[in-house]
Enquirer: 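If you scroll down you'll find the structure; I have some questions about it.
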2 protein chains.
Amino acid sequence: MFSKACEYGIRASTYIALKSLEGTRVSLKEIADKIDSPVAFTAKILQQLSKKQIIESVKGSLGGFQISQSNISQIKLAQIVYAIDGNNVYEGCGLGLKRCNSNEPCPVHDKFIQIRADLKEMLESTSLYDMTMGLEEGLTHLKR
Amino acid sequence: MFSKACEYGIRASTYIALKSLEGTRVSLKEIADKIDSPVAFTAKILQQLSKKQIIESVKGSLGGFQISQSNISQIKLAQIVYAIDGNNVYEGCGLGLKRCNSNEPCPVHDKFIQIRADLKEMLESTSLYDMTMGLEEGLTHLKR
DNA sequence: ATTAAATAGGATAATTTTGTCCGATTTGTA
DNA sequence: TACAAATCGGACAAAATTATCCTATTTAAT
């Protein structure tokens, strides 16, 4: 569904959001540890997300990553997926055809349309805040 | 969503089904040409599908690939996807967690469950015959 | 100033996926 | 039997993705 990079990106953003809600900035090391991801690779992904202004990075000692309170509720999963994987998930034919649309459909075009739409709707309606909801109470987790 | 190999596999199987309905066996070359896929790579995929008895291969001169009439209507997309990509599409956490289930869910577990279920339902209910329906009349295509 | 802790970013490596090449084998036909 | 047309299968190559390493830079604290 998503690339590894994207999966790490969503998990990392969610963890950063969780800690930002508590008012603390988190380091790359802590993030990678808490979401069980390779440190250096995670760093690259966080750089991407930082450039796209989905998360904020603070350099230097006491630096780390954080997300503003307003962004925690406004940033949707769709934006993270788009920032890392582009629009392949939403567009892009299920059978890999470049030219596939309602006028010139592949045999499963119409059936995929609906599933993609549901996925899109889900990603566009789920905020980072929503993602953190179950985490505090241990109802959900981000590791392994 | 699916690997390239799987996309080629579905397109190839659909084309073979189409021609088998007309009573003709097709060669690797023709298949690759008609679905616009790399010849040698397609050969590997057809081998897999042949071993899983989704398609039949006939060696030697006048050889090629075909699908029995009964299989054209009985083989579902789900079987092709499973033969090539395994069960990652159906199972496998949306965020890449190994341990993610209803007892220990990731933050999007429940939301993914529904989308995956719809995808599964679609793949399990669409036969190769269904795939060929629009092809003859040119309503759908498999190329590019 | 110096040091320590942190991110930034370029280069490189490992792995997986995708794709190619070529000889071996099978089979129909002359 | 010889040949041609086809798949089979192993080895290899290329490309994309995932992951690591190392140096530079930034910043806080001493």
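First the proteins, then the strands, lettered A, B, ... as listed; each starts at 1.
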Enquirer: What are the bounds, 5' to 3', of the part of DNA chain D that sits under 4.0 Å from heavy atoms of chain B?
Expert: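 So the outermost contacting nucleotides come out as D:dA5 to D:dA11.
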Enquirer: Do any side-chain nitrogens or oxygens of A:Gln47 fall under 4.0 Å of OP1 or OP2 in C:dG9?
Expert: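 Checking A:Gln47 against C:dG9: at least one side-chain N or O falls below 4.0 Å of OP1 or OP2.
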Enquirer: Taking atom CG of B:Leu135 and atom CD of B:Glu137, what is their separation to the nearest 0.5 Å?
Expert: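 B:Leu135 atom CG to B:Glu137 atom CD measures 9.0 Å (nearest 0.5 Å).
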Enquirer: Rounded to the nearest angstrom, tell me the gap between atom CD1 in B:Ile84 and atom P in C:dT18.
Expert: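 That distance rounds to 10 Å.
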Enquirer: Please tell me which of A:Gly60 and A:Phe2 maps to the more 5' nucleotide of DNA chain D, matching each residue to the nucleotide holding its nearest heavy atom.
Expert: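 Closest to the 5' end, via its nearest nucleotide, is A:Phe2.
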Enquirer: Calculate the interatomic distance between A:Gln48 atom CD and C:dT7 atom P; express it in whole Å.
Expert: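 Going from A:Gln48 (CD) to C:dT7 (P), I get 17 Å.
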Enquirer: With no hydrogens and no angle check, is any side-chain donor or acceptor of B:Arg99 less than 3.5 Å from a backbone partner on B:Glu104?
Expert: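 No; judged by distance alone, with no hydrogens or angles, the pair does not exist.
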Enquirer: What residues in residues 13-43 of chain B put a non-hydrogen atom under 4.0 Å from any atom of DNA chain C?
Expert: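 Only B:Pro38, B:Ala40, B:Phe41 qualify.
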Enquirer: Do the side-chain N and O atoms of A:Gln114 and A:Asp118 include a donor-acceptor pair separated by under 3.5 angstrom?
Expert: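 There is such a pair (donor and acceptor under 3.5 Å, judged by atom type) between the side chains of A:Gln114 and A:Asp118.
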Enquirer: In this structure, how many angstroms lie between the C1' atom of C:dA8 and the NZ atom of A:Lys51, rounded?
Expert: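 To the nearest whole Å, that distance equals 8 Å.
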Enquirer: Would you check if the side chain of A:Ser20 reaches a backbone N or O of A:Ile67 as a donor-acceptor pair within less than 3.5 Å?
Expert: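 Confirmed, A:Ser20 side chain pairs with A:Ile67 backbone.
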Enquirer: Can you sort out which residues in residues 61-71 of chain A have a heavy atom within less than 4.0 Å of DNA chain D? Ascending by number, please.
Expert: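 Result for residues 61-71 of chain A: A:Ser61, A:Leu62, sorted by number.
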Enquirer: Output the rounded distance in Å from NZ (B:Lys44) to C1' (C:dT20).
Expert: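 It works out to 9 Å between those atoms.
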Enquirer: Can you tell me if NZ on A:Lys143 sees more than 12 non-hydrogen neighbours from other groups inside 6.0 Å?
Expert: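 Yes, because the 6.0 Å sphere around NZ of A:Lys143 holds more than 12 heavy atoms from other groups.
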Enquirer: If you count heavy atoms of other groups shown closer than 6.0 angstrom to NZ of A:Lys19, is the number above 12?
Expert: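 Counting other residues, nucleotides and ligands, NZ of A:Lys19 exceeds 12 neighbours.
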Enquirer: Hey, which sits more toward the 5' end of DNA chain D by its nearest nucleotide, B:Lys59 or A:Tyr8?
Expert: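 Checking each residue's closest nucleotide, the 5'-ward one belongs to B:Lys59.
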Enquirer: Evaluate the side-chain contact (heavy atoms from CB on, under 4.5 Å) criterion for residues A:Arg11 and A:Tyr15: first the C-alpha distance (whole Å), next the side-chain angles of each, then the deciding distance (0.1 Å), finally the verdict.
Expert: CA-CA 6 Å; A:Arg11 279 152 62 193; A:Tyr15 183 72; over 6 Å; no
Enquirer: Counting only heavy atoms not in B:Tyr90 (residues, nucleotides, ligands), do more than 12 fall under 6.0 Å from its OH?
Expert: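 Yes, OH of B:Tyr90 has more than 12 neighbouring heavy atoms, counting only those of other groups under 6.0 Å.
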Enquirer: Could you tell me whether the phosphate oxygens of C:dT17, OP1 or OP2, come under 4.0 Å of any side-chain nitrogen or oxygen in A:Lys4?
Expert: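 Answer no for this pair, as no side-chain N or O of A:Lys4 is under 4.0 Å from OP1 or OP2.
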Enquirer: Whether the side chain of A:Arg25 engages the backbone of A:Leu62 through a donor-acceptor N/O pair (distance < 3.5 Å, no angle test) should be reported.
Expert: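 It does hold such a pair.
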Enquirer: Using whole Å, report how far CG of B:Asn88 lies from P of C:dT17.
Expert: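 Rounding to the nearest Å, CG of B:Asn88 and P of C:dT17 are 9 Å apart.
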Enquirer: Please confirm whether the backbone N or O of B:Glu30 pairs with a side-chain atom of B:Asp33, one donor and one acceptor, at under 3.5 Å?
Expert: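 Side chain of B:Asp33 to backbone of B:Glu30, a donor-acceptor pair under 3.5 Å: no, none is there.
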Enquirer: With distance as the sole test, does A:Thr126 use its side chain to make a donor-acceptor pair with the main-chain N or O of A:Leu123 at under 3.5 Å?
Expert: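 No; zero donor-acceptor contacts below 3.5 Å.
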